[in-house]
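Keep in mind the model is a prediction, meaning the values are calculated, not measured. We count ligands from 1, going down the list as the structure has it; atoms in each ligand are counted the same way.
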Amino acid sequence: MSTRGVRDYDEADLSVEKPKTHAAGPTAVAVSMYRSLDRMGPIRTAKTLLDLNQAEGFDCMSCAWPDPDPGHRHTAEFCENGAKAVAEEADTRRATPDFFARHSIAELDSHSEHWLGQQGRITHPMVKRPGGTHYEEIDWDEAFDLIGAQLRALDPDEAVFYTSGRASNESAFVYQLFVRAYGTNNLPDCSNMCHESTSIALQESIGIGKASVTLDDVYDAELIVLAGQNPGTNHPRMLSALEKAKKNGAKILAINPLREAGLINFKNPQTPRGMIGPGTDLEDLHLPVRINGDLALFQAFGHLLLEWGAVDHEFVREHTTGFDLWKQHIETLDWAEVEATTGLSRAVITDAARMLRDSSATVFCWAMGITQHHNAVNTVKEITNLAFLQGNIGKRGAGLLPVRGHSNVQGDRTMGIWERAPQHFLDAIQKEFGFDPPRENGLDTVDSIRAMRDGKAHFFLGLGGNFAQAAPDSDVTFQALRNTKMTVHISTKINRSHLVCGDTALILPTKGRTEKDIQASGPQWISVEDSTCSVHSSRGPLEPASPYLKSEVEILTRIAEATIGDRYGLDWKGFRDDYRNIREHISRVVPGCAGYEVNVRRPGGFVLPHPPRDSRTFQTESGLGQFAVSPIEALQVPPKHLLLQTFRSHDQFNTTIYGLSDRYRGIEGGRRVIFMHRGDIAELGFRDGDFVDITTRWEGDDRVRCAENFRIVEYATPKGSAAAYYPETNPLVPLDSTAAESNCPTSKGIVVSLTPASARHAASGDGQDQVRSDEGHKSHPQPEHLS
Ligand SMILES: Nc1nc2c(c(=O)[nH]1)N[C@H]1C(S)=C(S)[C@@H](COP(=O)(O)OP(=O)(O)OC[C@H]3O[C@@H](n4cnc5c(=O)[nH]c(N)nc54)[C@H](O)[C@@H]3O)O[C@H]1N2
Ligand SMILES: Nc1nc2c(c(=O)[nH]1)N[C@H]1C(S)=C(S)[C@@H](COP(=O)(O)OP(=O)(O)OC[C@H]3O[C@@H](n4cnc5c(=O)[nH]c(N)nc54)[C@H](O)[C@@H]3O)O[C@H]1N2
Ligand SMILES: [Mo]
């Protein structure tokens, strides 16, 4: 049995309390300040936090939630988790060549992701040579030469170029240009594991894969639907927007297996009411949907709205196609199937549908609870059907709002980081640079893993991110990466991906968004796009963590020079010397970016065009909004099995584990927990507090996937629906279990069974490197392979 148990705490330190019924408030401020001062000290704390999300400051790297207009920002325009993200990057600790000399790669690999991140910022470029046991310092020039030589020895389609959504527009544009000039479209990104289902669905139904609202629409909405999203933790600044909407009279409908604290009540730290008063109640109705019940639920809403005649006939007639077919399908709805799939009664579904009926301006928000399922693309299309039905597109206070994850994941796509970039984008590249980029689709994340596993790709470059730990099926992904000739990571801090290496492995340390970037022509700034298509500039206030760091643009252009030299006359030096040269090309290649340099420098930036939002026009095949018909598909769960969703705690950013406090859900001092319904615990013969191993049941292959030693926590989740944290549970997500059409891993819908833990209280470490968790507990690093 192959398992991997990343443990960074001692079970004895894990405590479970009652979940909270409000988010933010004084505790959030205290935690922000404590973490910031602890990691950065007082001067850097003041320098960074006062600059964060200000018009002339830097963009928060935590999430992609939009900023208010420049005139309406607070002195402290950030949230607890934004402060933690800044503290994590502006960390004063350093992982120097000396550190790497003291710790072999195997030893580092025995530590948890939390511990790795605590070692501080990487200061020098590092290499692991073939057969080597340690990373050693390498000269930048030699590093670029090694990469260039390796890439020139390969067929371009044998190389994989990954991007994590923190990269700026400038680095993303340069990166995709290099990769295409080199000769491949193998540009997988984190979006492939995230909102890909949204992009595919919206592209088909409204002709553009992005949100159709502005922040003002959220403020003006009469109803806000929050489906499969936990804003209190993952988009905390969204709570201020929801509060404002509530003050303006909006209602909130939350659709989530869990009653997340951030959906219940918000204590806004910017207001006295939030600091010492009762806060603002947010949700008006919470539907504790069974995992993956959303498609059936949205169809039931459609059914009731049709029955009640709550239809914007003019919008449907003028702007959409496919209504009649959809209507026929929806009218035959089987309520018994809906109730079984959603775990909700017809009565409560009807209450929720009334909220839709009574609203003339609804904003639909969603995130990973919707997109990471087998039927995710269809679910997003069903949300869009509902928006069409009531004309909630291109109308004030209404629209579709897929809430993006990484702070610039949307911008990276706009700049061409896409393994299936549209032909018109490739045409524009050809026209601008005079070479014909490859036209066939490249590999996405899952296909890249398959290609490396099968010996068809031999090179992996990661522009940020933590591919090894973020991708599904950890054992398969690790093996795939280890199969390669070379892995290269452009990173700020040590993570698992540096330890799961190819024959040669390179770590290229880069400047983060908090840091100054000075090039030949002087200080540079970069630009990013948020969830609502708003593009603006960002400049860091701090001195870089080490004098040896290079910016992402510098690193990428040097790799390009070392690989393809001046092929096609591309002026890589000009790009890095002055980022204005990059933006000039962006202004001619990327749709909607004419005048980019000027527009993006305006305070608050500019908003990219969005035809459905701006003029109710749809660049779909039919030129109209496309109603879609989808069969209800329910995940089949055999007796004695559960559906497991893998989600985020309040103290992490994806694979970066800030600390061990999932405060809102009452978990402190540990992460290996599985949240379960009381009835399931009893029926499976366990008790709250028992330790279990989790095993995946999947028909796609006969591989046994197991994650060991999780403590059962009784929790208010629908019967049959369980939850545990990512990335500890990634070994359980089968590589080939992906969403139809989008190929996004089904991280929110895994069928699992539980057995009593086999490795309970395994050896408690070597005693040398005690990890200090943020709550002051002592915990011990433990071997990851517990067998
Ligand atoms: N602090 C912080 N901020 C972040 C991140 C982070 O890790 N930390 N990550 C960033 C990234 S990349 C992303 S993509 C976003 C993620 O933001 P979210 O999508 O909010 O993240 P998850 O924790 O995956 O939470 C998904 C929510 O969906 C619910 N859910 C699970 N399954 C279902 C289902 O079948 N139906 C419904 N209706 N709900 C379901 C879960 O209970 C949970 O509340 O956040 C971004 N912002
Ligand atoms: N089971 C399960 N798996 C999931 C998910 C889930 O919900 N469940 N969610 C999926 C989602 S939504 C996403 S987006 C992916 C996330 O996948 P990734 O984006 O690959 O992962 P992150 O953890 O965000 O990447 C963190 C690393 O980025 C590097 N980094 C930080 N700042 C910078 C910078 O400024 N520049 C550079 N170059 N590097 C930097 C640091 O070295 C850090 O270790 O994971 C996916 N995987
Ligand atoms: Mo994401």
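Comparing Lys748, Met368, Glu196 by heavy-atom distance to atom 7 (O) of ligand 2, the nearest is Lys748. Between Ala254, Cys79, Gly228, Gly749, it is Gly228 that holds the heavy atom closest to atom 27 (C) of ligand 1. The closest heavy-atom contact to atom 46 (C) of ligand 1, among the options Ala85, Gly405, Gly262, comes from Gly405. Selection from Tyr725, Phe653, Tyr726 by nearest heavy atom to atom 10 (C) of ligand 1 gives Phe653. Closest heavy-atom approach to atom 18 (P) of ligand 1 within the set Val403, Thr233, Asn234, Asp294: this belongs to Asn234.
Side-chain contact between Tyr579 and Val553 is present, with at least one heavy-atom pair separated by less than 4.5 Å.
Contacts of Arg166 with ligand 2, taken as heavy-atom pairs under 4.0 Å, involve the side chain alone. At a 4.0 Å heavy-atom cut-off, ligand 1 touches Asn81 through the side chain alone. Under 4.0 Å from ligand 2, the heavy atoms of Thr510 that appear belong solely to its side chain. By the criterion of a heavy-atom distance under 4.0 Å, the side chain of Glu260, and not its backbone, is placed next to ligand 1. Counting heavy atoms under 4.0 Å from ligand 2, residue Tyr162 touches it through the side chain alone. Contact annotation for His650 and ligand 1: no heavy atom of the residue comes within less than 4.0 Å of the ligand. With a 4.0 Å heavy-atom cut-off, ligand 2 is reached by the side chain of Gln372 but not by its N, CA, C or O.
Under a 4.0 angstrom heavy-atom cut-off, His195 registers as lying outside contact with ligand 2. Residue Gln469 places no heavy atom under 4.0 Å from ligand 2.
When hydrogens are left out, the protein atom nearest atom 33 (C) of ligand 1 is Gly369 O, 3.4 Å; that is the closest non-hydrogen contact.
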